[in-house]
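In what follows, chains carry the letters A, B, and so on, assigned in the order in which the sequence lines appear, proteins first and then strands, with residues in each chain numbered from 1. All values below were derived from every heavy atom in this structure, side-chain atoms included, with hydrogens, water molecules and symmetry-related copies excluded.
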Amino acid sequence: MTITAKLQELTVDAVKELYEIEISPQDVLINQTRREFEGEYSIVVFPFVKAARRKPEDVGTAIGKVIKTNSSIVADFNVVKGFLNISLTSEVWTSFLKKSSQDEDYGFAFPSGRKVMVEYSSPNTNKPLHLGHIRNNLLGHSVSEILKACGHQVVKTQIINDRGIHICKSMLAWQRYGDGETPESSGLKGDHLIGKYYVKFNTVLKEQKAAIGPDAKDDDTEIMQATREMLIQWEQGDDAVLKLWKKMNGWVYDGFNETYARLGVEFDKNYFESKTYLEGKTMVQAGLDKGIFYKEDDGSVWCDLEDVGLDKKIVQRSDGTSVYMTQDLGTARLRYEEFGSDGMVYVVGNEQDYHFKVLFEILKKLEEPYAEQLHHLSYGMVNLPEGKMKSREGTVVDADDLMDEVIQEARIAAQERSEEAVDDENIQNVGLSALKFFILKVSPKKTIVFDPKASVDLQGHTGPYIQNAYVRIQSILRKSGMLDMSLTGEYTEFQDAEKHILVALHEYPRIIQAAGAAYDPAIVANFCYDLAKLYHKFYHDCRILTAESDAAKSFRLNLSQLTAHALKNGCSLLGIEMPERM
RNA sequence: GGCUUUGUAGCUCAACUGGAUAGAGCACUUGACUACGAAUCAAGAGGUUGCAGGUUCGAGUCCUGCCAAGGUCACCA
């Protein structure tokens, strides 16, 4: 049982004893005592004041006395206004420390038996990944790891949008202008090579439109007609087209996989739109049969969602082909049938908020068994200081370039310090931690203003700042030799800096739970930063290896070790690794 | 226009979900490396939490109305 839970229980008993009022532990609000007062935890007594019919100060004092008498964990208390500040005995803290400090997974929960599926990334296959995908990938990966730390079994997945007109555009351009170019022959990463031809397509399209006249539409052009022709051939299973499609998609996947690997994200299972949309069509037909959907005169199929405050939504075109919604219906069911998840999380930008609202409502109407357990993790766009990224203006920040940049910055910083030769792996580690932390520290819902200069900062509220705290601890632990914990319990006179770390560490498991419940990595990110900050302060204020007593040394080494474990496993939830040196 | 999200220091972000005098970092000024790693620490300055009402012991947080910015309202994905 946690200390705060114990305090809640004690308060419930005290209130009952004093005023004969029944309250539940959840009604007892406990927060950390502000720095300027004595104590570690504060009980807010305002809620009981009215029923007790006493002044807040009197209620606080009365509860404080009872709690102190009834338990051995409270050393002292004081009351300021309606806040009852509790000082716990040193024994409470040293036993917590001894119990937890050997656990490398301290903070992680026991298995819950729940299985959750997380979908993220799902990029278009005609362009390389950019900054927006980086946010998506980091969020998806991090939320997955957080849910694992909450004890759930997690399956990471993505839907690959591998069919449609957009693929044909790159294919056609490559066929006409590629001259047999391959990733090997050009030295270009596969996704960048495809991107090059997608751009080429659009250039030619623009030229042809200009040649026709000011009112020309895409479909008026020869190249667009040729592309549509190619799509038809694809749907008819034309050998040559399918072969080209497979080859070029292969290049893209190779390119993506390289970027994923470097970013440290991965997937347990990929779904391909080309294979799921048929299941969607089956569901549409079933919905029609059951009268959940209806057919317009032109043959298109719709779902009326006005009873749940939404509009009518098309689920199948008049020509019988599927729309975006159709394949999402099919994908959801296939996933459920294959994995039997208790929940599905879709990591997709907030521009699709409405789409997911509709999707979830339709699945409810279809009475899919998993329909109530779906969650859209909606996140904000990533903008540059100058505004939105625009491919037309060439302001899109490429994912691979960006990683190169932050790593280069870390390399320069390492060379300036040049204390010991730091290997390349560590440099990458540090650079990527700057980038990842910069993005994950912001709550998903919010729009990010991405300043490239700030993202490569290695000081202050950054990933490397946290890594530095960890590296300092490792350095100390290396020098300390064998960890002798036996005297930890004899240390009783805590410094403020020590107490603050203890409280933070004790809160850590709750932080992970909160982050999981809210699907919010920023909660973990900011906790790690706060903990690192507390440790830096402690490191500055207290001697560790040359502590004033053996008990103090033992305690501080223990404290350092547990801090290191929390920093390491906490940052691992963000995809950030801790180096031993930097 | 309807729906929706967001407005907190010059800038980038927090605020334990209704609790104490709203906190960090960057930038700026200043101090600390002959103590375990200065990617650090300390100090200073910086605020009418978009505006106006309301709810109560108590509001950045909740309710209402405005203002501003983004998103979305396709037989695109």
Determine the interatomic distance between [atom1] on [N] and the same-named atom on [M]; round to the nearest Å.
| N | M | atom1 | answer |
| --- | --- | --- | --- |
| U48(B) | G31(B) | P | 30 Å |
| G18(B) | U6(B) | P | 14 Å |
| C62(B) | U29(B) | P | 39 Å |
| G47(B) | U5(B) | C1' | 25 Å |
| A22(B) | C63(B) | C1' | 22 Å |

My understanding is that a pair needs two contacts under 3.5 Å, Watson-Crick or G-U wobble. By that rule, which nucleotide pairs with C3(B)? G71(B)

Over all strands shown, is [X] touching base, sugar-phosphate only, or nothing at heavy-atom distances under 4.0 angstrom?
| X | answer |
| --- | --- |
| Thr546(A) | nothing |
| Val442(A) | sugar-phosphate |
| Asp311(A) | sugar-phosphate |
| Asn350(A) | sugar-phosphate |
| Arg543(A) | base |
| Val430(A) | base |
| Asp218(A) | nothing |

Atom [atom1] of [X] and atom [atom2] of [N]: how far apart are they, to the nearest Å?
| X | N | atom1 | atom2 | answer |
| --- | --- | --- | --- | --- |
| Asn468(A) | A38(B) | CG | P | 8 Å |
| Tyr354(A) | U5(B) | OH | P | 15 Å |
| Glu409(A) | C26(B) | CD | P | 16 Å |
| Phe437(A) | C13(B) | CZ | C1' | 10 Å |
| Ile160(A) | A77(B) | CD1 | C1' | 15 Å |
| Leu440(A) | C13(B) | CG | C1' | 14 Å |
| His536(A) | U40(B) | NE2 | C1' | 6 Å |
| Lys445(A) | A15(B) | NZ | P | 12 Å |

Syn/anti label of U17(B) as read from its glycosidic torsion, with the cut at 90° from 0: syn

What's the closest nucleotide to the [X] side chain, out of [options]?
| X | options | answer |
| --- | --- | --- |
| Met582(A) | G19(B), G37(B), A42(B) | G37(B) |
| Asn31(A) | G19(B), C41(B), C13(B) | G19(B) |
| Glu36(A) | C16(B), G37(B), U21(B) | U21(B) |
| Tyr465(A) | U40(B), C13(B), C76(B) | U40(B) |
| Leu29(A) | G19(B), C16(B), A39(B) | G19(B) |
| Asn85(A) | A20(B), A77(B), U17(B) | A20(B) |
| Gln352(A) | C26(B), A77(B), U21(B) | A77(B) |
| His540(A) | C41(B), C36(B), A20(B) | C41(B) |
| Val449(A) | C36(B), A14(B), C13(B) | C13(B) |
| Thr33(A) | A39(B), G37(B), A20(B) | A20(B) |

Under-3.5 Å donor-acceptor pair between Thr462(A) side chain and A39(B) base: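 Counting by modelled atom types and ignoring angles, no donor-acceptor contact under 3.5 Å is found here.
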
Heavy-atom donor-acceptor pair, Asp328(A) side-chain to A77(B) base, under 3.5 Å: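 No, no donor-acceptor pair under 3.5 Å.
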
Short side-chain N/O contact from [X] to OP1 or OP2 of [N], under 4.0 Å:
| X | N | answer |
| --- | --- | --- |
| Lys446(A) | G70(B) | no |
| Lys441(A) | G25(B) | no |
| Lys357(A) | U72(B) | no |
| Ser475(A) | G37(B) | yes |

Under the criteria of a ring-centre distance below 5.5 Å and an interplanar angle below 30°, is Phe37(A) stacked with the base of A20(B)?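 The base of A20(B) is stacked with Phe37(A) (centres under 5.5 Å, planes under 30°).
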
Under the 5.5 Å and 30° test, is Phe83(A) stacked on the base of G19(B)? no

Heavy-atom closest contact (Asp311(A) atom, Tyr354(A) atom, distance):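 Result for this residue pair: N-OH, 3.3 Å.
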
Which heavy-atom pair separates Gln225(A) from Asp220(A) by the least distance, and what is that distance?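 So the two residues come closest at NE2-O, 4.0 Å.
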
Just to verify, which of Glu507(A), Glu40(A), Gln32(A) counts as forming a side-chain contact (heavy atoms from CB on, under 4.5 Å) with Thr4(A)? Glu507(A)

Does the structure place the NZ or CZ of Arg472(A) under 6.0 Å from the centre of the six-membered ring of Tyr535(A), at an angle of no more than 45° from the ring's axis? no

cation_pi(Arg135(A), Tyr379(A)) dist<6.0 Å, angle<=45: no

Does a donor on one side chain and an acceptor on the other come within less than 3.5 Å for [X] and [Y]?
| X | Y | result |
| --- | --- | --- |
| Thr488(A) | Asn558(A) | yes |
| Ser274(A) | Asp162(A) | yes |
| His376(A) | Asn350(A) | no |
| Tyr491(A) | Arg556(A) | yes |
| Asn85(A) | Asn78(A) | yes |

Students often mix this up, so state it plainly: with edges at 30° and 60°, are the rings of Phe527(A) and Tyr508(A) parallel, tilted or perpendicular? parallel

Just the table, please: protein N/O against nucleotides 57-60 of chain B N/O, every pair under 3.5 Å.
residue	atom	partner	partner atom	Å
C57(B)	OP1	Lys50(A)	NZ	3.4

